[in-house]
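Written below as structure tokens is the structure these notes are about.
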Amino acid sequence: MTNKVATLWVLAAVFSASTIGSIALAETLSEAEFIDEAKVKSMALGAELKQALQAAIKQGGLTEGIRVCKELAPQLAAKYSVNGWQVGRTSLKVRNPNNAPDGWETEALIAMENALANGGAPMQAAQAHTGADLAEWRYMQPIVTQAVCLNCHGAQLTPDVSQTLQVHYPEDQATGFEDGQLRGAFTLRYQRE
Ligand code: HEC
């Protein structure tokens, strides 16, 4: 855990040596508290999604899993996006175009992919952003592809899955992944209200 926090700040320093720690955010949340809470929210969203997906697949197969994921993923993201938080998932290859990464997210995802390609673990990323009227923290937590994900994100999909994905996600980019590759990341913001 200490290790993770250390690597996180190494990466954060690479991204933004000048802004980290230099701004005052909401009085109620310190830097460390923000990161702790961001981790908790990432894990909670991930666990809820996984549970719902597993239940749907068990009940109605992979195509039901796709239907449930389409409905539930944005709902759950909205459920966690309260009290100054914005919580979601993103990727360099998105299924849902609403999950497309912005500039900072793209950089962080590329850094995570490079770390994995070099045999290391993909690191978390955190950064403080400042603007004219804006003070916010951002955090990303990598999501690595597992064998079970290949049913809907792999290179070989069943005709049923392919067809269902085409109907719901005509612009789907999120196939062709392999076990152990970076699938994407949880992405969180906390902003002073
Ligand atoms: C039953 C099919 C199915 C399985 C299995 C599945 N996914 Fe997905 N995944 C989806 C669908 C559908 C979406 C689009 C959800 C939306 O509309 O927001 C999605 C979206 C995502 C996203 C958000 C970024 C994007 O591409 O829009 C991530 C990250 C993701 N999946 C990771 C995983 C991981 C990791 C696993 C394995 C643990 C997994 N998925 C297993 C169907 C699946």
Side-chain angles (χ1 to χ4, degrees), residues 4 8 11 38-82 85-117 120-126 138-189:
K4 273 189 188 158
L8 182 145
L11 190 65
K39 283 181 187 168
V40 169
K41 283 182 193 292
S42 299
M43 274 167 55
L45 174 60
E48 272 200 70
L49 271 173
K50 195 171 171 185
Q51 216 171 28
L53 199 60
Q54 275 171 349
I57 291 172
K58 200 172 162 191
Q59 206 181 20
L62 290 168
T63 53
E64 178 65 6
I66 293 166
R67 203 193 59 74
V68 166
C69 192
K70 182 181 182 184
E71 203 175 276
L72 208 65
Q75 275 176 18
L76 286 177
K79 181 181 121 178
Y80 286 98
S81 298
V82 290
W85 286 84
Q86 262 177 273
V87 180
R89 296 184 303 166
T90 189
S91 173
L92 292 171
K93 295 205 285 178
V94 289
R95 174 149 292 164
N96 184 336
N98 295 335
N99 296 332
D102 66 13
W104 181 72
E105 288 166 331
T106 301
E107 272 184 56
L109 287 163
I110 290 170
M112 288 171 191
E113 269 197 352
N114 288 343
L116 263 181
M123 292 174 286
Q124 300 141 340
R138 302 189 68 176
Y139 175 87
M140 285 171 74
Q141 171 84 34
I143 303 172
V144 177
T145 310
Q146 302 162 26
V148 63
C149 318
L150 302 181
N151 287 310
C152 296
H153 293 293
Q156 276 155 356
L157 307 175
T158 65
D160 257 9
V161 168
S162 277
Q163 206 175 15
T164 309
L165 287 174
Q166 202 155 28
V167 170
H168 293 287
Y169 301 96
E171 296 167 63
D172 188 16
Q173 299 176 306
T175 57
F177 286 89
E178 288 171 21
D179 195 359
Q181 282 184 332
L182 188 77
R183 177 57 268 272
F186 295 104
T187 180
L188 298 91
R189 294 164 178 245

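For ligands, and for the atoms within them, numbers begin at 1 and follow the listed sequence.
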Please tabulate, for the side chains in residues 62-73, all donor-acceptor contacts under 3.5 angstrom to protein atoms that are two or more places apart in sequence or on a different chain.
from : atom 1 : to   : atom 2 : distance (Å)
E64  : OE1    : R67  : NE     : 3.2
E64  : OE2    : R67  : NH2    : 3.0
R67  : NH1    : E71  : OE1    : 3.4
K70  : NZ     : H168 : ND1    : 3.3

* atom 35 (C) of ligand 1: nearest protein contact (heavy atom, Å) ->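 Here the nearest protein heavy atom works out to I143 CG2, 3.3 Å.
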* **Protein contact to atom 20 (C) of ligand 1 [nearest heavy atom, distance to 0.1 Å]** =>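 Protein heavy atom with the smallest distance to atom 20 (C) of ligand 1: R89 NH2, 3.4 Å.
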* Which protein atoms of type N, O or S are found under 2.8 Å from atom 8 (Fe) of ligand 1? ->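 Those protein N, O or S atoms (cut-off: under 2.8 Å from atom 8 (Fe) of ligand 1) are H153 NE2.
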* Taking atom CE of M112 and atom CG of L182, what is their separation to the nearest 0.5 Å? ->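 Between atom CE of M112 and atom CG of L182 there are 7.0 Å.
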* Measuring from Q141:CD to K41:NZ, what's the distance to the nearest 0.5 Å? ->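 Here the rounded value is 14.5 Å.
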* Can you name the side chain to side chain donor-acceptor pair (under 3.5 Å) partners of S91, sequence neighbours left out? ->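 For S91 the side chain to side chain donor-acceptor pair (under 3.5 Å) partners, ignoring immediate neighbours, are R183.
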* Under the side chain to side chain donor-acceptor pair (under 3.5 Å) test, which residues partner Y80, sequence neighbours left out? ->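 Y80 satisfies side chain to side chain donor-acceptor pair (under 3.5 Å) with E48 once adjacent residues are dropped.
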* **Under 4.0 Å to a heavy atom of A73 - the qualifying atoms of ligand 1, by number** =>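 Numbered from 1, ligand 1 contributes 18 (O).
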* If you count the atoms of ligand 1 from 1 in the order shown, which ones are under 4.0 Å from a heavy atom of G65? ->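 So the answer, numbered in order with elements, is 1 (C).
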* Asked: Counting only heavy atoms, which portion of N96 has something under 4.0 Å from ligand 1: side chain, backbone, both, or neither?
  ->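 Under 4.0 Å from ligand 1, N96 contributes backbone and side-chain atoms.
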* Asked: Any idea which part of N99 is under 4.0 Å from ligand 1, heavy-atom wise: side chain, backbone, both or neither?
  ->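 The answer is the side chain of N99.
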* Of all the heavy atoms in L62, does at least one lie under 4.0 Å from an atom in ligand 1? ->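 Flag set, L62 near ligand 1.
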* Does Y169 reach ligand 1, in the sense of a heavy atom lying below 4.0 Å from it? ->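 Yes.
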* For E178, does the CD atom have more than 12 heavy-atom neighbours from other residues, nucleotides or ligands under 6.0 Å away? ->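 At most 12 heavy atoms, drawn from other residues, nucleotides or ligands, come within 6.0 Å of this atom.
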